[in-house]
Amino acid sequence: MKLGILIPSVTTHKGAILAKLLHGEKLRNKRLFYDIDSCASGARISELRSDGWKIDDKFVHAVTKEKKEVQVKEYFISRSNIIEYLKNQNLQDFLELAERKYKKAS
């Protein structure tokens, strides 16, 4: 299967975000600030979408430290799209590299 999408380098913020999404994680910008030290995770998600990745989002309710109720976006890749993506050997190789890199950082 030809993906028709661009696979980022594992060592970039785009690569770290994509690896998390392909593992079924649901991501929020604020959490990514702490997880991967990115102040521009929304921009990286936009770039991944431009690269051809089917990244969904939904608004969820959250409460801030100041006890304010807000809506924030949560990003994810649907299970069916993950299954389809994982049929590609290049993407399997990407995830293997990502797992090695980010397990060391843990």
Side-chain angles (χ1 to χ4, degrees):
M1 174 185 100
K2 183 164 173 47
L3 284 177
I5 52 178
L6 299 175
I7 300 174
S9 170
V10 169
T11 60
T12 63
H13 284 153
K14 279 172 54 173
I17 290 168
L18 182 60
K20 287 177 170 292
L21 290 168
L22 290 169
H23 279 104
E25 291 186 43
K26 293 182 178 181
L27 307 176
R28 297 180 187 180
N29 289 331
K30 189 172 186 177
R31 184 76 248 158
L32 287 169
F33 174 79
Y34 296 107
D35 288 353
I36 64 170
D37 196 26
S38 173
C39 294
S41 55
R44 301 300 78 82
I45 289 168
S46 180
E47 291 168 0
L48 286 165
R49 285 174 166 163
S50 292
D51 291 345
W53 295 96
K54 295 177 184 174
I55 300 172
D56 297 310
D57 62 63
K58 66 178 179 180
F59 280 103
V60 295
H61 294 282
V63 179
T64 67
K65 290 179 186 176
E66 294 81 27
K67 308 291 186 224
K68 292 180 183 178
E69 290 189 26
V70 296
Q71 286 193 15
V72 296
K73 268 199 179 170
E74 190 171 72
Y75 301 95
F76 60 95
I77 296 178
S78 72
R79 186 174 180 86
S80 60
N81 283 334
I82 291 171
I83 291 168
E84 194 62 30
Y85 289 144
L86 291 178
K87 292 178 182 177
N88 182 279
Q89 185 61 50
N90 290 334
L91 193 54
Q92 290 175 30
D93 295 343
F94 165 84
L95 283 175
E96 185 178 317
L97 284 172
E99 286 175 22
R100 280 190 265 148
K101 176 180 176 26
Y102 296 113
K103 282 195 185 214
K104 287 179 187 176
S106 305

Contact between [X] and [Y] at the side-chain level, heavy atoms closer than 4.5 Å - yes or no?
X: Arg100; Y: Leu97; value: yes
X: Leu18; Y: Arg44; value: no
X: Val60; Y: Lys26; value: no
X: Lys73; Y: Lys58; value: no
X: Arg31; Y: Val72; value: no
X: Ile17; Y: Ile45; value: yes

Following the transitive rule for hydrophobic clusters with a side-chain heavy-atom cut-off under 4.5 Å over Ile, Leu, Val, Met, Phe, Trp and Tyr, establish whether [X] and [Y] coincide in one cluster.
X: Ile82; Y: Leu21; value: yes
X: Leu86; Y: Val10; value: yes
X: Tyr75; Y: Ile5; value: yes

Shortest non-hydrogen pair, Val63 vs Glu69, comes out as CG2-CG, 4.3 Å

Shortest non-hydrogen pair, Ser41 vs Leu32, comes out as CB-CD1, 3.6 Å

So how far is it from [X] [atom1] to [Y] [atom2], rounded to the nearest 0.5 Å?
X: Ile77; Y: Ile83; atom1: CD1; atom2: CD1; answer: 12.5 Å
X: Asn88; Y: Asp93; atom1: CG; atom2: CG; answer: 8.5 Å
X: Asp35; Y: His13; atom1: CG; atom2: NE2; answer: 11.0 Å

Quiz item: Is the side chain of Tyr85 donor-acceptor paired with the backbone N or O of Lys54 at a distance under 3.5 Å, no angle test?
Solution: yes

Sub-3.5 Å donor-acceptor pair from the side chain of Trp53 to the main-chain atoms of Ile7, do we have one? no

Residue set satisfying salt bridge (Lys or Arg N to Asp or Glu O under 4.0 Å) with Asp51, at least two apart, ordered chain then number -> Lys14

